[in-house]
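Chain letters run A, B, ... following the sequence lines, proteins first and then strands; every chain starts at 1.
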2 protein chains.
Amino acid sequence: MSKQILPIVDPCDGEAACRTPLVREPLSEAEATELAPLFKAIADPVRLRLLSLIASHEGGEVCVCDLTGAFELTAPTISHHLKVLRRVGLIDSERRGTWVYYWLNPGVLDRLSAVLGPRVVAAVS
Amino acid sequence: MSKQILPIVDPCDGEAACRTPLVREPLSEAEATELAPLFKAIADPVRLRLLSLIASHEGGEVCVCDLTGAFELTAPTISHHLKVLRRVGLIDSERRGTWVYYWLNPGVLDRLSAVLGPRVVAAVS
DNA sequence: GGGCTACTTCGACATCCATCTAAGTAGCGA
DNA sequence: TCGCTACTTAGATGGATGTCGAAGTAGCCC
């Protein structure tokens, strides 16, 4: 009846900041300098919603035209926010004909989650 | 031999933004407005390191005097960053005699991690 | 009380940032 | 090629933010 927690997935690129949560040991200056821009990118209500709209969308990608309608903001402003998210690698985009599609880059969000939290994907033997 | 993932811990205060990760369904405007300031608070390399120093410290609390030495910044600047972290509820503090001690407020960091990530603490039957 | 230490608050300043309008680019269809 | 749609880039602007020095507050000890 003993509980056993076995981490089986580490969606990590091998860096210490990914493997070790904030709470386990002090973040180095280099790690903090690398992570801060990622958190800064999501530290805006519009970008949080954009990221969520993109990440949760059926099919994994969204046309910009589907995003602008969700906000009372001009198209350049939405474009600016998308650029911020793209610059830090959270999302990527491609033009296909008239439209531009955005999708979530896998792993990056998981890494941020892993830095903050003690939660681990676990399996049982 | 089937893997089974049973969430046993949900360090959540009951709000939707906590239970449901960003990737599962679109964040509401209210949720995004509430979460953004929290991410903004940790979206700075100095505050990330401060938070990590506090969170990972033996005994759970740290004297400010132990923090200032870790940075090449003036005391007012450190004090300012601590205030930012405290304002959003990530940390709390108390004066005991000459010194002021800071500690991590439980749950808040877990909640942010839960919003970003699909990772769940799991147990096995 | 006087002086010392440990912070915090205040005020200033330079920089960054979210937003807008206007203008630019890219594809499509007539 | 002309016009239309779908963005993106450029430039401007008001507001937020990180940092500092100086001053304020709080506790301790002589």
Side-chain angles (χ1 to χ4, degrees), chain A residues 27 29 32-54 57 59 61-103, chain B residues 27 29 32-54 57 59 61-103:
Chain A
L27 234 45
E29 188 176 349
T33 304
E34 190 199 347
L35 287 170
L38 284 163
F39 285 118
K40 191 167 288 183
I42 64 170
D44 177 278
V46 174
R47 288 198 291 269
L48 265 181
R49 289 179 63 202
L50 280 171
L51 193 63
S52 183
L53 283 168
I54 294 170
H57 197 264
E61 52 183 31
V62 196
C63 172
V64 177
C65 57
D66 291 327
L67 297 173
T68 49
F71 303 87
E72 293 189 349
L73 293 170
T74 63
T77 300
I78 299 297
S79 193
H80 158 71
H81 286 303
L82 290 171
K83 192 177 183 180
V84 171
L85 291 172
R86 203 159 68 92
R87 191 167 48 214
V88 299
L90 276 163
I91 59 177
D92 212 340
S93 67
E94 187 189 26
R95 174 173 213 123
R96 282 202 289 275
T98 306
W99 297 280
V100 177
Y101 294 88
Y102 280 82
W103 60 86
Chain B
L27 234 46
E29 187 176 348
T33 305
E34 191 198 347
L35 287 170
L38 284 163
F39 286 118
K40 191 167 289 184
I42 63 171
D44 176 278
V46 174
R47 287 198 292 268
L48 265 181
R49 289 180 63 202
L50 279 172
L51 192 63
S52 183
L53 282 169
I54 294 169
H57 197 265
E61 52 182 31
V62 196
C63 173
V64 176
C65 57
D66 291 328
L67 297 173
T68 48
F71 303 86
E72 294 188 349
L73 293 169
T74 64
T77 300
I78 298 297
S79 194
H80 159 71
H81 286 303
L82 289 172
K83 192 178 182 179
V84 171
L85 290 172
R86 202 158 68 93
R87 191 168 46 213
V88 300
L90 277 163
I91 60 177
D92 212 338
S93 68
E94 186 188 28
R95 173 173 215 122
R96 282 202 288 276
T98 305
W99 296 279
V100 177
Y101 294 88
Y102 279 83
W103 60 86

Q: Calculate, to the nearest 0.5 Å, the distance between atoms CG and NZ belonging to A/L38 and A/K40 respectively.
A: 11.5 Å
Q.
Nearest 0.5 Å, please: how far is CG in A/L27 from CD in A/E34?
A. 9.5 Å
**Q.** Which residue lies more 5' along DNA chain D, comparing A/P76 with A/R95 via nearest heavy atoms
**A.** A/R95
Q) At what angle, to 10 degrees, do the two end axes of the helix from C/dG1-D/dC30 to C/dA30-D/dT1 meet, given five pairs define each axis? A) 10°
Are [X] and [Y] packed together at the side-chain level, in the sense that at least one heavy-atom pair is separated by less than 4.5 angstrom?
| X | Y | value |
| --- | --- | --- |
| A/I54 | A/L67 | yes |
| A/V100 | A/R95 | yes |
| A/L51 | A/I42 | yes |
| B/I91 | B/R86 | yes |
| A/L85 | A/L50 | yes |
| B/F71 | B/T68 | no |
| A/L53 | A/H57 | no |
| B/V64 | B/W99 | no |

Is [X] touching bases, backbone alone, or none of the nucleic acid, heavy atoms closer than 4.0 Å?
| X | answer |
| --- | --- |
| B/Y102 | sugar-phosphate |
| B/H81 | sugar-phosphate |
| B/L73 | sugar-phosphate |

**Q.** Which residue lies more 5' along DNA chain C, comparing A/G97 with A/T74 via nearest heavy atoms
**A.** A/T74
Q. Between B/T68 and A/R96, who's closer to the 5' end of DNA chain C by nearest nucleotide?
A. B/T68
Q | Whole-Å gap separating C1' (C/dT8) and CH2 (B/W99) | A | 17 Å
Q. Tell me: NE2 of B/H80 to C1' of C/dC10, nearest whole Å?
A. 13 Å
**Q.** A/F39 to B/A43 - nearest heavy-atom pair and separation
**A.** C-CB, 3.6 Å
Q. Hey, is the side chain of B/S79 poking within less than 4.0 Å of OP1 or OP2 on C/dC7, counting only N and O atoms?
A. no
Q: Considering only heavy atoms of chain A and a distance under 4.0 Å, specify the first and last nucleotide of DNA chain D in 5' to 3' order that meet this criterion.
A: D/dA6 to D/dT9
Q.
Using a 4.0 Å cut-off on heavy atoms, which residues in residues 40-49 of chain A reach DNA chain D? List them by number, or say none.
A. none
